[in-house]
Every structure is written in C-alpha cells, then in structure tokens.
Amino acid sequence: PPPHFDLVIVDEAHTIRNANTWWYKGVDAFCKNADAVVFLTATPLQNSNNDLYTLLNLLRPDVVIDKDTFKTMVEPNFFINNLMRVVRRQDEDWQELGKQEIAHILDTTWGRNVVQHNPNFESIYNFLEKTEITREEKLEIINKIESLHSFHTIINRTRRRDIEDFCIRRTATINVSFNGVQRELYESLMEFEETALAKLYGSRNVRFMM
C-alpha cells in the first residue's frame with residue numbers, strides 16, 4: 001500500500017502547473033495519500049487560467065471540481081484585483097473607480113450569488129466613501145477586499161509593497177565543522193555524484209555540473 005502522510009509540503013509549486021508531466025503525477029500521488037497539503041511558491045502566479053485551474057484542482061478537488069466550476073468562480077476575480085489596485089494607488093477619483101469595479105463584480109454570477117453575501121462586502125463599499133485613510137486602514141481594507149476573492153480560503157498571498165519595512169531580511173553565514181560521520185557521508189555522496197556524472201557525460205565539466 002502507498003505510504004500515508006500527515007502533511008505534504010510542495011515547494012516551487014508553480015512547476016506542477018502542467019498536468020501532463022511526471023512532476024504533476026508525482027505530486028498527485030502524494031496528495032491522494034495525505035491528510036493535509038500546502039503548496040508554496042515565491043514565483044508570482046502570472047499563469048494562464050488553465051495553469052491556475054490545474055494547481056487548484058489538484059490542491060482542492062472538492063472545491064474546484066471541474067473547469068466549468070472554475071470558470072464561474074474566477075469571473076469576478078479580475079474586478080476584485082482591479083479594486084485592490086484602485087485602493088492601493090488612490091489616484092484621483094479612486095472612490096468612484098472603486099464603486100465601478102464593485103458594480104462589475106456584481107454583474108458576474110459568482111459575484112451576485114457568493115461575493116455579495118460576504119460579510120466584508122458592505123464595509124468595503126462604505127469605505128469607498130472616505131476621503132482620507134491611514135496606512136493601517138488601508139491594509140485592513142485590502143485584506144477585506146482579498147477576502148472577496150473566489151479562492152481566498154485556498155490562496156494566501158503576501159506582497160512586499162503592503163508590508164513595506166515591516167520585515168527586514170538580515171543574512172548571516174555560520175561555519176560549522178563536520179563531525180567524523182558527517183564528513184564520511186559527505187565525501188561518499190560527492191564521490192558517487194562524480195562517478196555517476198562521469199559515466200553519463202564523460203569526465204569533462206563534471207566539477208562544473210557538481
């Protein structure tokens with residue numbers, strides 16, 4: 001029987017956006033035998049809708065059931081993303097532009113039947129009556145707008161421009177010496193890799209490939 005996993009974490013998940021690859025089939029086998037699955041990627045998902053469907057259908061087949069369901073769910077997201085851009089930029093007449101995007105959202109089937117009943121929907125519309133907002137209010141309303149997104153319970157996105165200087169990365173290199181067993185393992189692995197690459201490609205450029 002296949003092994004069972006409490007949790008499967010798939011890094012660089014954008015690489016499985018094509019269902020006709022061994023990458024996808026391998027991850028699919030893990031997902032079918034796991035209690036929980038998390039997909040991670042730092043690569044912006046600027047994929048086609050087909051790619052996004054493939055990822056979400058693999059991650060949550062109980063929600064994104066088929067392509068027709070996905071098409072209905074994804075329809076208002078274009079306008080929801082536009083609404084977020086309007087609030088972020090706050091250009092001239094941003095409140096009116098925001099209301100126009102809300103009207104577009106409600107013109108979609110998913111917008112009328114699902115988004116409109118989101119508890120944050122009314123507060124977002126009321127927010128567009130404000131003329132001045134603080135940074136904290138801006139972040140709060142952006143989070144509320146993201147909650148309108150059809151896949152907000154599945155996808156969590158963090159943008160650097162929203163957190164600004166909240167998180168500063170500081171790198172440090174720490175040198176740690178191998179103990180005897182670690183050194184033996186490392187050298188054995190390197191020897192194996194060098195031998196395998198030489199047999200596959202010849203001795204030329206082996207060090208570069210390693």
Side-chain angles (χ1 to χ4, degrees), residues 1-64 66-67 70 74 77-78 81 84-85 88-89 139 142 146 149-210:
H4 183 82
F5 301 95
D6 299 319
L7 172 64
V8 168
I9 300 173
V10 182
D11 199 10
E12 304 293 350
H14 56 277
T15 61
I16 56 170
R17 61 185 182 268
N18 185 344
N20 297 316
T21 63
W22 286 109
W23 283 108
Y24 176 93
K25 291 171 178 148
V27 172
D28 183 38
F30 277 88
C31 291
K32 285 177 178 174
N33 295 284
D35 293 333
V37 180
V38 177
F39 287 175
L40 301 174
T41 178
T43 301
L45 278 177
Q46 297 172 335
N47 305 330
S48 69
N49 278 345
N50 283 335
D51 293 342
L52 186 58
Y53 165 74
T54 301
L55 287 168
L56 296 183
N57 176 252
L58 178 60
L59 184 66
R60 289 298 303 271
D62 57 321
V63 176
V64 185
D66 52 36
K67 285 193 174 181
F70 174 79
V74 82
N77 292 340
F78 174 79
N81 290 335
M84 279 194 284
R85 276 192 287 271
R88 279 197 178 95
R89 293 174 182 170
L139 286 173
I142 286 173
E146 286 194 325
H149 198 281
S150 306
F151 307 119
H152 79 279
T153 58
I154 307 176
I155 301 175
N156 180 43
R157 294 174 290 184
T158 303
R159 294 176 179 82
R160 187 172 296 168
R161 64 175 173 267
D162 288 337
I163 62 173
E164 295 180 7
D165 59 355
F166 175 76
C167 181
I168 300 173
R169 183 177 181 182
R170 297 180 177 88
T171 60
T173 301
I174 301 172
N175 293 319
V176 180
S177 300
F178 285 141
N179 64 31
V181 176
Q182 291 169 339
R183 168 68 63 184
E184 184 180 348
L185 173 62
Y186 174 78
E187 290 178 351
S188 297
L189 285 171
M190 291 300 98
E191 182 181 353
F192 171 81
E193 185 174 17
E194 184 174 9
T195 302
L197 288 172
K199 284 186 178 295
L200 287 170
Y201 305 107
S203 58
R204 189 178 180 185
N205 295 329
V206 163
R207 287 291 171 184
F208 175 77
M209 286 187 283
M210 290 177 67

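Below, all heavy atoms of this structure are taken into account, side chains as well, without hydrogens, waters or symmetry copies. Along the sequence shown, residues are numbered consecutively beginning with 1.
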Taking atom [atom1] of [X] as the centre, does the number of heavy atoms from other residues, nucleotides or ligands within less than 6.0 Å exceed 12?
X	atom1	value
Glu184	CD	no
Tyr201	OH	no
Phe5	CZ	yes

Those residues at least two apart in sequence (or on a different chain) that pass salt bridge (Lys or Arg N to Asp or Glu O under 4.0 Å) with Glu12 are none
Could you work out, with salt bridge (Lys or Arg N to Asp or Glu O under 4.0 Å) as the rule, every residue matching Arg207, not counting sequence neighbours? Glu194
Residues which pass ring-ring contact (aromatic ring centres under 6.0 Å, His included) with Phe78, listed by chain and number, not counting sequence neighbours: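 Here no residue qualifies.
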Test ring-ring contact (aromatic ring centres under 6.0 Å, His included) applied to Phe39 - qualifying residues, sequence neighbours left out: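 Counting only residues at least two positions away or on another chain, Phe39 forms no ring-ring contact (aromatic ring centres under 6.0 Å, His included).
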Could you check whether any side-chain heavy atom of Val64 comes within less than 4.5 Å of a side-chain heavy atom of Tyr53, counting everything from C-beta outward? yes
Residue pair Ile16 / Leu55, side-chain heavy-atom distance below 4.5 Å: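 Side-chain contact under 4.5 Å: yes.
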Counting only pairs under 3.5 Å, give me each side-chain donor-acceptor contact of residues 21-32, with atom names and distances, residues two or more places apart or in other chains.
{"residue": "Thr21", "atom": "OG1", "partner": "Asn18", "partner atom": "O", "Å": "2.9"}
{"residue": "Thr21", "atom": "OG1", "partner": "Tyr24", "partner atom": "N", "Å": "3.2"}
{"residue": "Asp28", "atom": "OD2", "partner": "Lys32", "partner atom": "NZ", "Å": "3.1"}

For His149, is there any backbone N or O sitting under 3.5 Å from a side-chain donor or acceptor partner on Asn77? no
For Phe208, does its backbone N or O pair with a side-chain atom of Asn205 as donor and acceptor, under 3.5 Å?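 No: the side chain of Asn205 does not pair with the backbone of Phe208.
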Starting at CZ of Arg88, measure out to CG of Leu139 and round the result to the nearest 0.5 Å. 9.0 Å
Can you tell me how far the OG1 atom of Thr153 sits from the CD1 atom of Ile155, to the nearest 0.5 Å? 9.0 Å
Taking the inter-plane angle between the rings of Phe70 and Phe151 on a 0 to 90° scale, is it parallel (under 30°), tilted (30 to 60°) or perpendicular (over 60°)?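 The arrangement is parallel - the two ring planes meet at less than 30°.
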Decide side-chain contact (heavy atoms from CB on, under 4.5 Å) for Lys67 and Asn57; before the verdict, give the C-alpha distance in whole Å, the side-chain angles of both, and the deciding distance to 0.1 Å. CA-CA 9 Å; Lys67 285 193 174 181; Asn57 176 252; over 6 Å; no
Have Asp51 and His14 got a donor and an acceptor in their side chains that come within less than 3.5 Å? no
Show me the pairs that pass salt bridge (charged side-chain N to carboxylate O under 4.0 Å, His left out) and involve residues 53-63, at least two apart or across chains.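 Non-adjacent pairs meeting salt bridge (charged side-chain N to carboxylate O under 4.0 Å, His left out): Arg60-Asp62.
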Heavy-atom nearest pair, Asn33 first then Pro2, reads OD1-CG, 3.4 Å
